[in-house]
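Here is the structure we will look at.
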2 protein chains.
Amino acid sequence: MDTVRLEFGKNLRKIRKLKGFSQEQLAYTAGIDRSYIGKVERGQVNLTIEKLYILAGTLGCSPKDLVPDQSKVGADDSKPRT
Amino acid sequence: MDTVRLEFGKNLRKIRKLKGFSQEQLAYTAGIDRSYIGKVERGQVNLTIEKLYILAGTLGCSPKDLVPDQSKVGADDSKPRT
DNA sequence: ATAGGCCACGGCATATAATACCCATTTGTG
DNA sequence: CACAAATGGGTATTATATGCCGTGGCCTAT
């Protein structure tokens, strides 16, 4: 039920490394706390779309590249929590 | 600096009406308060990706259909706030 | 053996998203 | 016009996103 976070984190990590950023570098240029980047990549937090755009912007990629497709996430993530 | 929210809201409203949902219906089946849906559509809140997936799921569309492209949002939205 | 880059992970404080009410206003329709 | 459905928008409380600071582990090079 939290596969969205996990998949998002995997995407972020992949693109971040692809672009040659360290967590610290990304955090600094994005104006986000370094430990928070780590938490995002580990799927521990549920970030807002504002952060989504800031991250995509500083990584030079599309926000759509970061959000996982529904096929990747559990069906439960697309339903209201019980 | 909040064009992301506004564009997201416009997208949500467009798709919601396209699918024949009222705010109330969408809110109910998504398990979200109706007034909150309205605030999202008016760009008054900064929702999390969890809500993004729940909304996309109940609307039967892709999350990527809801998130606006960078070309739509102000460049400031892709940068850390000062 | 020491130093520095990179990361996992935690606790705590604060800003803000989420939720649940309520009522007023608009919009559509007979 | 009148009536109902749909939406706008306020406020208050709770949950959580976010920031801040620290600890330690793993490498690689010095």
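Note on naming: letters A, B, ... go to the chains in the order of the sequence lines (proteins, then strands), and numbering restarts at 1 for each one.
One atom, CD of B/Q23, and another, C1' of D/dG8, lie 8 Å apart when rounded to the nearest Å. The CG atom of B/D2 sits 11 Å away from the P atom of C/dA17 (whole-angstrom rounding). In this entry the distance linking CZ of A/R42 with P of C/dA8 reads 5 Å, nearest Å. Atom P of nucleotide D/dG8 and atom CG of B/D33 are separated by 14 Å, given to the nearest angstrom.
Checking B/L26, B/L55, B/L66 one by one against B/I15, the side-chain contact (heavy atoms from CB on, under 4.5 Å) holds for a single residue, B/L66.
When side chains are defined from C-beta on, A/L52 counts as touching A/V67, because their heavy atoms get closer than 4.5 Å.
For the OP1/OP2 pair of C/dC23 and a distance below 4.0 Å, the side-chain nitrogens and oxygens of B/R34 include no atom meeting the criterion. Dashed line: the shortest gap from a side-chain N or O of B/R16 to OP1 or OP2 of D/dA6 is not under 4.0 Å. Checking the phosphate oxygens (OP1, OP2) of D/dA15, no side-chain nitrogen or oxygen of B/K51 falls inside 4.0 Å. Put simply, B/Q44 has no side-chain N or O that comes within less than 4.0 Å of OP1 or OP2 on D/dG8. Distances shown here put every side-chain N or O of A/Q25 at or beyond 4.0 Å from the OP1 or OP2 atom of C/dG5.
For B/S35 against C/dC21, a side-chain N or O and a base N or O form a donor-acceptor pair under 3.5 Å.
Within 6.0 Å of NZ on A/K64 lie more than 12 heavy atoms contributed by other residues, nucleotides or ligands.
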